[in-house]
*Asks:* 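Let me begin by handing over the structure; questions about it come next.
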4 protein chains.
Amino acid sequence: METSSPASSRRTSIGSQRNPDSEEAILSAAEAILREAGLAAFSIEAVARRAKAGKPTIYRWWPSKAALLLDVYHRQKHHGHMPDTGDVRSDLALFVTSLLAFWRDDGGAIFRSLIAEAQSDPAALEALRRYLLERWRQSGAIIQRAQKRGEVRPEIDSDLTIEILSGFAWSRLLTGRLDCSEDEIRAVIDAVVGGIAAR
Amino acid sequence: METSSPASSRRTSIGSQRNPDSEEAILSAAEAILREAGLAAFSIEAVARRAKAGKPTIYRWWPSKAALLLDVYHRQKHHGHMPDTGDVRSDLALFVTSLLAFWRDDGGAIFRSLIAEAQSDPAALEALRRYLLERWRQSGAIIQRAQKRGEVRPEIDSDLTIEILSGFAWSRLLTGRLDCSEDEIRAVIDAVVGGIAAR
Amino acid sequence: METSSPASSRRTSIGSQRNPDSEEAILSAAEAILREAGLAAFSIEAVARRAKAGKPTIYRWWPSKAALLLDVYHRQKHHGHMPDTGDVRSDLALFVTSLLAFWRDDGGAIFRSLIAEAQSDPAALEALRRYLLERWRQSGAIIQRAQKRGEVRPEIDSDLTIEILSGFAWSRLLTGRLDCSEDEIRAVIDAVVGGIAAR
Amino acid sequence: METSSPASSRRTSIGSQRNPDSEEAILSAAEAILREAGLAAFSIEAVARRAKAGKPTIYRWWPSKAALLLDVYHRQKHHGHMPDTGDVRSDLALFVTSLLAFWRDDGGAIFRSLIAEAQSDPAALEALRRYLLERWRQSGAIIQRAQKRGEVRPEIDSDLTIEILSGFAWSRLLTGRLDCSEDEIRAVIDAVVGGIAAR
DNA sequence: AACTAACCGAGACGGTACGTCTCGTCTTATG
DNA sequence: CATAAGACGAGACGTACCGTCTCGGTTAGTT
């Protein structure tokens, strides 16, 4: 990180405009702190210290801790891995598997923090909600394709189905049980796709 | 609250043992703060102030903010509403409906706080996890009864099924969308019980 | 007090530098508390409250209670009243009289506190010691002038003589007997200057 | 210490009277704490802990920290070493030397604490004052004997003379400079007995 | 070329909460 | 009724962050 900066000593103003080096340094620092030490260690003070930035610079561009968290989460790569194998079970299994894997490897600490922050900051809650509705809408395409193929009944609400699977993933993330076996994921998909009722 | 105390002036020690009046006052104060002002306003300091208790008294009995939160949550009534209508769809619908209603009316603010706290406090996470596994096991009885009646396939993992429904409820709680219509809940139950696949 | 500030509302930062208004407010508050309520009421918390300053602001500039006490004592006027009447008896009588008067009117409560604090805080003890050695050295000039005039034997240690008189004053201060008559002071001076031995 | 107690486990009431074992244990503990860790570590709490006594037991018999300190100081041996060599200079030198030695070896920490405490506790101040006046009166006998022998002028106030020497000793005690050379002590005695004035 | 405007870092400011310590009071159970 | 034990309300301790502010300096655009 921070490779774009001129390797030299001190970062300063570049005139009456946002300094992208500072932005980059701040986001990098925030991400690193979350990843290395978790939400408890994540404070504006700590980010400023690590990014060698002034606190007002952070407050100028991110009105709240949640806004910074959201930006950090957005910087992650993942977004929009949209499986399309032609089989709804495989697509959904890949969806859940890759989500859990992403959280396990990288973004989990950040997303957990975002959810936690949203529980006390209404602005964060609103931002999170908006972000999620969009994400679920996107991922709903998996279901909609399956409906076009005739695999899934047409009256099924695609977003709601995604929210069910996503909710299961949240449950695992927020209780620290991301190490979910293939079998468990298959069982979840089977339940949602095939139902649990006796034939 | 605090009606049990002798209406007189000051609460004090009752010897070398825990004073139940103090415990009650602290839990009441904690609950009131969470309900009225939310997690952001919930601090040991504030609880002590409102309960007219010394901070060490709180720290003596609750080692962390999370422990206090958990106790406050436990004091709520709800726990263990276990529908048994003889029909798995009705049972599960009641399960989800009553959970959301309970959170909407009373315990939501507290449980949200508990989850949020668990994201930065490992001890809270562990306590939450233990609590949930037990709750899911209890609620899993709904599925197991249905399996005995032949309504649900025997190889289905009852706890996992409950976690799926519970996860959906979490998703609604944590994104502030507890006002869930009957139809939506029915759709969720239908998906999980009957599956989404075309017949 | 605080007349220098703009009489308006709130004192705040003036950039990356010590705010003299805050310093003044803190020292004034500390002095007032000591004078009005004594050492027992003197706490960093109380000073912060009265000065309308944050505790960290105090700890930033004064590492210990003793450092603050010392600064408060230094702010007093007295310092360096150095009588030079041409007669050693008169000089010393003035020295003791004005010291006791100063303590009686103003600085006594503060200096008592400083000595008390030094009995449990090594840093305070060291600061006090350094301060006193310097003060005795200064006051020793009274003796040295008398030696030059031939009033006092040349082999007499001027600092030690001052410490004897100063010690007597301490005894009076620390036992709350500052209301010392002229006669008593004269008797003390006579003893030290003329000795108690029969001629 | 504590050798008088029955070496067995638990000390308890001996009926409606003061238990001397407890008193002994408390005074011993108080003395040990002062000697080993100084005034800063001296708290009723600490004394009770070390003496394995209940706090109320201490508060019952000693109304204030100062009262306990005074009792501890009284338990020391020293008291009343009253030199009588027939020579006032020798007597006074012994008086000062043995006082400083006693404080250096044993009682200094305790007496310093007592003086410090008296600066914030009026009751302690009063107790200290009464104790000192008595002590000075006793030690004044040194001067009075010398007056009878004709060594010291009859109009000299014996108590005041003792207070001067005592004040010098206080100065050394309270500034942590008890390591006073023989020469310095002699110089002090010479000043007071013979005066500093040129012949 | 001078001026303004917004940015930058630094860090002080008044606050609040933290978790720990001791205070002096209280009530118990034990003898 | 004294004792050891220990809980209680109170509040100070010194530290960490909060979000705001002012500073001195830098660099664009605008005159």
Side-chain angles (χ1 to χ4, degrees), chain A residues 10-19 21-22 41-46 48-49 51-61 63-65, chain B residues 10-19 21-23 25 41-46 48-49 51-61 63-65, chain C residues 10-19 21-22 25 41-46 48-49 51-61 63-65, chain D residues 9-19 21-22 25 42-46 48-49 51-61 63-65:
Chain A
R10 197 172 183 279
R11 194 173 57 240
T12 178
S13 169
I14 56 168
S16 299
Q17 56 186 295
R18 187 166 185 168
N19 184 336
D21 283 357
S22 285
F42 182 78
S43 66
I44 298 291
E45 198 101 20
R49 209 153 42 220
K52 291 195 169 302
K55 281 199 289 175
T57 303
I58 299 182
Y59 282 108
R60 182 156 28 237
W61 303 115
S64 71
K65 186 143 77 167
Chain B
R10 199 172 180 276
R11 196 173 55 238
T12 178
S13 169
I14 55 167
S16 297
Q17 57 187 290
R18 188 165 186 169
N19 185 337
D21 283 357
S22 285
E23 179 176 5
F42 182 78
S43 67
I44 299 290
E45 198 102 19
R49 209 152 41 219
K52 293 199 165 302
K55 280 199 289 173
T57 302
I58 300 182
Y59 282 108
R60 184 158 24 240
W61 303 115
S64 70
K65 188 143 74 169
Chain C
R10 197 172 182 276
R11 196 171 54 237
T12 180
S13 168
I14 55 167
S16 297
Q17 56 186 292
R18 188 165 186 168
N19 185 337
D21 282 357
S22 285
F42 182 77
S43 67
I44 299 290
E45 198 102 21
R49 213 154 36 222
K52 292 196 169 303
K55 278 199 289 174
T57 302
I58 300 182
Y59 283 108
R60 184 156 27 239
W61 302 116
S64 70
K65 189 142 74 167
Chain D
S9 56
R10 197 170 183 278
R11 197 169 54 238
T12 177
S13 169
I14 56 169
S16 300
Q17 55 185 301
R18 187 166 185 167
N19 184 335
D21 282 357
S22 285
F42 182 78
S43 66
I44 299 290
E45 199 99 21
R49 211 154 39 221
K52 291 197 167 304
K55 281 199 289 174
T57 304
I58 300 181
Y59 282 110
R60 184 160 20 244
W61 302 115
S64 71
K65 187 142 76 168

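By convention in this document, chain letters (A, B, ...) are assigned in the order of the sequence lines, proteins followed by strands, and residues within each chain are numbered from 1. Just the heavy atoms: all of them, side chains too, but no hydrogens, waters or symmetry mates, feed the values below.
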*Asks:* Confirm from the modelled atom types if A/Lys55 and E/dG11 form a donor-acceptor pair under 3.5 Å, side chain to base only.
*Replies:*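 For A/Lys55, whose side chain was compared with the base of E/dG11, there is no donor-acceptor pair (under 3.5 Å).
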*Asks:* How would you list, by chain and number, every residue that makes a side chain to side chain contact (heavy atoms under 4.5 Å, CB included) with B/Arg49, sequence neighbours excluded?
*Replies:*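 Per chain and number, B/Arg49 pairs via side chain to side chain contact (heavy atoms under 4.5 Å, CB included) with B/Glu45, B/Ala46.
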*Asks:* Who passes side chain to side chain contact (heavy atoms under 4.5 Å, CB included) against C/Arg18, sequence neighbours left out?
*Replies:*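 So C/Arg18 forms a side chain to side chain contact (heavy atoms under 4.5 Å, CB included) with C/Glu23, C/Trp61, C/Trp62.
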*Asks:* Looking at B/Ser22, I'd like to know whether one of its side-chain N or O atoms comes within less than 4.0 Å of OP1 or OP2 on F/dA7.
*Replies:*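 So the side-chain polar atoms of B/Ser22 never come under 4.0 Å of the phosphate oxygens OP1 or OP2 of F/dA7.
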*Asks:* In this structure, how many angstroms lie between the P atom of E/dA17 and the CD atom of C/Glu45, rounded?
*Replies:*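 That distance rounds to 13 Å.
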*Asks:* Nearest whole Å is fine: how far is E/dT25 C1' from D/Arg60 CZ?
*Replies:*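 It works out to 12 Å between those atoms.
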*Asks:* Does a nitrogen or oxygen in the side chain of C/Trp61 sit under 4.0 Å from OP1 or OP2 of E/dC13?
*Replies:*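 It does, given that an N or O in the side chain of C/Trp61 lies less than 4.0 Å from OP1 or OP2 of E/dC13.
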*Asks:* List the atom of C/Ala25, the atom of C/Arg11, and the distance in Å for their closest heavy-atom pair.
*Replies:*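 Nearest heavy atoms, C/Ala25 then C/Arg11: CB-NH1, 3.4 Å.
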*Asks:* Report, as a single string ordered 5' to 3', how protein heavy atoms within less than 4.0 Å touch nucleotides 22-31 of chain F: B base, S sugar-phosphate only, - not at all.
*Replies:* BS-BBBS---
*Asks:* Taking side chain as C-beta onward, heavy atoms only, is D/Thr57 less than 4.5 Å from D/Arg60?
*Replies:*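 Yes, at least one pair of side-chain atoms sits under 4.5 Å.
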*Asks:* Could you pull out the closest heavy-atom pair between C/Asn19 and C/Asp21, with the gap in Å?
*Replies:*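 Reported closest heavy-atom pair: OD1-N, 2.8 Å.
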*Asks:* Expressed as a whole number of angstroms, how long is the span from B/Asn19:CG to F/dA7:C1'?
*Replies:*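 These atoms are roughly 8 Å apart.
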*Asks:* Take atom CD1 of D/Ile58 and atom P of F/dA2, then tell me their distance rounded to the nearest Å.
*Replies:*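 Nearest whole value for this atom pair: 16 Å.
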*Asks:* A/Thr57 or D/Arg49: which one's nearest nucleotide on DNA chain E is closer to the 5' end?
*Replies:*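 Going by which nucleotide is closer to the 5' end, it is A/Thr57.
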*Asks:* Base, sugar-phosphate, or nothing: which does A/Ala48 touch, judged by heavy atoms less than 4.0 Å apart?
*Replies:*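 A/Ala48: no heavy atom of the nucleic acid under 4.0 Å.
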*Asks:* If you take all heavy atoms of B/Lys55 and B/Ala48, which pair is closest and at what distance?
*Replies:*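 In this case the closest contact between B/Lys55 and B/Ala48 is CG-CB, 4.0 Å.
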*Asks:* Nearest-Å distance, CD1 (B/Ile44) to P (E/dA17)?
*Replies:*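 In whole Å, E/dA17 P lies 12 Å from B/Ile44 CD1.
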*Asks:* Using the side chain to side chain contact (heavy atoms under 4.5 Å, CB included) criterion, which residues pair with B/Ser64? Sequence neighbours excluded.
*Replies:*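 In terms of side chain to side chain contact (heavy atoms under 4.5 Å, CB included), with neighbours along the sequence ignored, B/Ser64 is linked to B/Ala66, B/Ala67, B/Asp121.
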*Asks:* Atom OH of B/Tyr59 and atom P of F/dC13: how far apart are they, to the nearest Å?
*Replies:*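 One finds 18 Å between P of F/dC13 and OH of B/Tyr59, rounded.
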*Asks:* Quick one: C/Phe42 CZ to F/dC13 C1', roughly how many Å, whole number?
*Replies:*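 Distance, rounded to whole Å: 14 Å.
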*Asks:* Rounding to an integer number of Å, can you tell me how far A/Asp21 CG sits from E/dC7 P?
*Replies:*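 Going from CG in A/Asp21 over to P in E/dC7 covers 16 Å.
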*Asks:* According to a strict under-4.0 Å criterion, is A/Arg11 in side-chain N/O contact with OP1 or OP2 of E/dG9?
*Replies:*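 For A/Arg11, the contact criterion (side-chain N or O under 4.0 Å from OP1 or OP2 of E/dG9) is met.
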*Asks:* Report the residue (D/Gly54 or C/Ala46) whose heavy-atom-nearest nucleotide on DNA chain F is the more 5′ of the two.
*Replies:*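 With D/Gly54 and C/Ala46 compared, the 5'-side residue is D/Gly54.
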